[in-house]
Peer 1: 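Can you keep this structure in mind? I'll have questions shortly.
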Amino acid sequence: MNCNDNHIFDELRLLIDRSALIWLTFMAGVSLMIGLLCLAGALPPAALWSLAWILPTGLALWLVVGSYHKRAKILAQKQQISMMAYHAKQVLEHLQQQIPDTLITDSRIKMRYLARHGVDIDAAMARLGHNVERYNELAMAFLRNSDKYEDSLYDLMQPDTLTAYGTSAHTLRVRANELGLVNLTDTAFFHEIEAYAGDLNVVRDNWKKLSFELDEAYSVLSEYAKSLKLKDDAIDKDGNHMSFKKWGEQLQEAFRALETYDTEKAKTILNELVRFPIDSDITKALKGILSNIDEMMAV
């Protein structure tokens, strides 16, 4: 425990000890009075049997004091865990706020690469309220799903599924437009319109163009992501993946466990998160939290 928590524990223990001492003083006073009255002859010697209650009462008091000392220790530990969870959350939030600063700056610079390759990045950023992080999230989502877009459209390019093809083309158009992929947006819109019109031959004749635009978009965004070392998930030493979204959700779950004093659950989650490093400072902070938990529970 740290100094403040030791002080809290000592104060609680002192309060318990003082309460027990008062009770012991009262019992001793009563016993002394009965003894003196028996010696003075004011009470018969048989009255001394009334002091037999002192021994079991003293034993019970000793057990109660020990029990309350244990409860005081647990209460002090809970107080420390709660405070540690609060301060740890503040530290990690501060670290997480620092990480995007450099990334945002680098992103704004390297977005010029996108502009030079036919991406209307200015219009895309305007639609997103100039939220760089959101653009990067959409770019990673597009890269992750680009094969699915193409496979889904190709499978739906049949006479009886043209309407569904048009719906998928519409989805692709919206995603492409969010990212400022002008050529892909226009081509996807053309396929959407022709699919809804039921013109399968036109759709098939222009399939290569749509496939080409998808590949071009993937290539440009992929180079942009690589230049920033953007990742969509964390990887441990064994090659296992955990998405950043799940990582963040697990971290919040660990904090909730600490706030409810479930240290074992918190340790299990934090030990898992440490396996998936996303930043050296954050990993160091998590290891510090684990060390603090072990120190607290060892006291």
Side-chain angles (χ1 to χ4, degrees), residues 107 110-235 239-250 276:
S107 295
K110 292 177 180 178
M111 279 177 177
R112 293 303 95 197
Y113 165 83
L114 297 177
R116 291 195 302 272
H117 288 77
V119 178
D120 192 349
I121 190 64
D122 294 328
M125 290 299 293
R127 285 191 291 271
L128 294 172
H130 301 282
N131 187 331
V132 173
E133 291 177 289
R134 179 58 179 159
Y135 185 89
N136 288 342
E137 288 174 2
L138 290 172
M140 294 303 295
F142 182 89
L143 291 172
R144 189 169 59 249
N145 294 313
S146 60
D147 287 342
K148 296 178 184 177
Y149 291 141
E150 187 165 3
D151 291 344
S152 174
L153 285 167
Y154 187 82
D155 291 341
L156 292 171
M157 196 166 45
Q158 303 295 332
D160 56 344
T161 56
L162 266 184
T163 300
Y165 182 97
T167 301
S168 292
H170 171 78
T171 300
L172 176 60
R173 174 170 67 87
V174 171
R175 299 291 174 261
N177 189 55
E178 287 177 329
L179 292 165
L181 301 168
V182 179
N183 292 337
L184 180 58
T185 300
D186 292 343
T187 303
F189 181 61
F190 174 82
H191 276 254
E192 177 186 355
I193 296 299
E194 294 300 328
Y196 285 145
D199 201 331
L200 178 60
N201 290 330
V202 173
V203 170
R204 285 177 173 171
D205 289 343
N206 287 274
W207 169 253
K208 287 185 178 180
K209 179 174 174 57
L210 179 61
S211 179
F212 174 79
E213 295 296 351
L214 262 170
D215 290 343
E216 283 291 299
Y218 181 89
S219 177
V220 171
L221 288 177
S222 181
E223 287 300 316
Y224 168 75
K226 287 178 183 177
S227 70
L228 292 169
K229 296 182 178 179
L230 292 179
K231 296 187 297 182
D232 198 39
D233 55 10
I235 307 173
N240 300 310
H241 291 247
M242 178 184 288
S243 69
F244 289 148
K245 180 180 179 181
K246 183 178 179 181
W247 195 97
E249 290 172 349
Q250 288 294 298
F276 296 89

Peer 1: Do you know which of Asp205, Val203, Leu210 makes side-chain contact (heavy atoms from CB on, under 4.5 Å) with Trp207?
Peer 2: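 So the option named by the test is Leu210.
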Peer 1: Indicate whether the side chain of His191 and that of Tyr165 have a donor and an acceptor atom separated by less than 3.5 Å.
Peer 2: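 Judged by distance alone, the side chains do pair up.
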Peer 1: Is atom NZ of Lys209 surrounded by more than 12 heavy atoms (other residues, nucleotides or ligands) closer than 6.0 Å?
Peer 2: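 Counting other residues, nucleotides and ligands, NZ of Lys209 stays at 12 neighbours or fewer.
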Peer 1: Looking at Leu138 and Glu178, what are the two nearest heavy atoms and their distance?
Peer 2: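 In terms of heavy atoms, the two residues are closest at CD2-OE1, 3.7 Å.
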Peer 1: Looking at Asp122 and Arg112, is any side-chain nitrogen of the basic one under 4.0 Å from a carboxylate oxygen of the acidic one?
Peer 2: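 The answer is yes: the pair qualifies as a salt bridge.
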Peer 1: If you compare all heavy atoms of Ser168 against all heavy atoms of Leu156, which two are closest, and at what distance to 0.1 Å?
Peer 2: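 Closest approach of Ser168 to Leu156, heavy atoms only: OG-CD1, 3.4 Å.
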Peer 1: So which heavy atom on Met157 is nearest to which on Arg204, and how close?
Peer 2: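 Reported closest heavy-atom pair: O-NH2, 3.7 Å.
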Peer 1: How close do Leu143 and Ala225 get, heavy atom to heavy atom, and via which atoms?
Peer 2: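 Looking at all heavy atoms of both residues, the closest pair is CD1-CB, 4.0 Å.
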Peer 1: Check whether Ser219 reaches the backbone of Asp215 with its side chain - one donor and one acceptor, N or O, closer than 3.5 Å.
Peer 2: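 Not a single qualifying donor-acceptor pair exists.
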Peer 1: Before giving the answer on side-chain contact (heavy atoms from CB on, under 4.5 Å), spell out for Leu181 and Glu213 the whole-Å C-alpha distance, their side-chain angles and the decisive distance to 0.1 Å.
Peer 2: CA-CA 9 Å; Leu181 301 168; Glu213 295 296 351; over 6 Å; no
Peer 1: Measure from the side-chain N and O atoms of Ser227 to the backbone N and O of Tyr224, and report whether any donor-acceptor pair falls under 3.5 Å.
Peer 2: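 Checking the backbone N and O of Tyr224 against the side chain of Ser227, a donor-acceptor pair under 3.5 Å is found.
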Peer 1: Please report the closest heavy-atom contact between Ala195 and Leu162, naming both atoms and the distance.
Peer 2: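 For Ala195 versus Leu162, the nearest heavy atoms are CB-O, 3.5 Å.
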Peer 1: Mind checking whether Tyr113 and Val220 have side chains closer than 4.5 Å, heavy atoms only?
Peer 2: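 Yes, their side chains come closer than 4.5 Å.
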Peer 1: Please tell me if the side chains of Asp120 and Thr185 come closer than 4.5 Å, counting only heavy atoms from C-beta onward.
Peer 2: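 Side-chain contact under 4.5 Å: no.
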Peer 1: Is Arg175 reaching over with its side chain to a backbone N or O of Asn145, donor-acceptor style, under 3.5 angstrom?
Peer 2: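 Flag not set: sc Arg175 to bb Asn145 has no pair under 3.5 Å.
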Peer 1: Side chains of Val119 and Val182, heavy atoms from C-beta outward: is any pair under 4.5 Å?
Peer 2: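 No. Closest side-chain heavy atoms not under 4.5 Å.
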Peer 1: So, the side chain of Tyr135 versus the backbone of Leu179: is there a donor-acceptor pair under 3.5 Å, distance only?
Peer 2: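 Checked: pair present.
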Peer 1: Under the side chain to side chain donor-acceptor pair (under 3.5 Å) test, which residues partner Thr171, sequence neighbours left out?
Peer 2: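 Once residues adjacent in sequence are excluded, Thr171 has no partner under the side chain to side chain donor-acceptor pair (under 3.5 Å) criterion.
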Peer 1: Locate the shortest heavy-atom distance separating Ala124 from Gly180; write the atom from each residue and the value.
Peer 2: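 Looks like CB-N, 3.7 Å.
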Peer 1: Does the pair Asn183 and Glu216 meet the rule for a side-chain contact (heavy atoms from CB on, under 4.5 Å), with working shown?
Peer 2: CA-CA 9 Å; Asn183 292 337; Glu216 283 291 299; over 6 Å; no
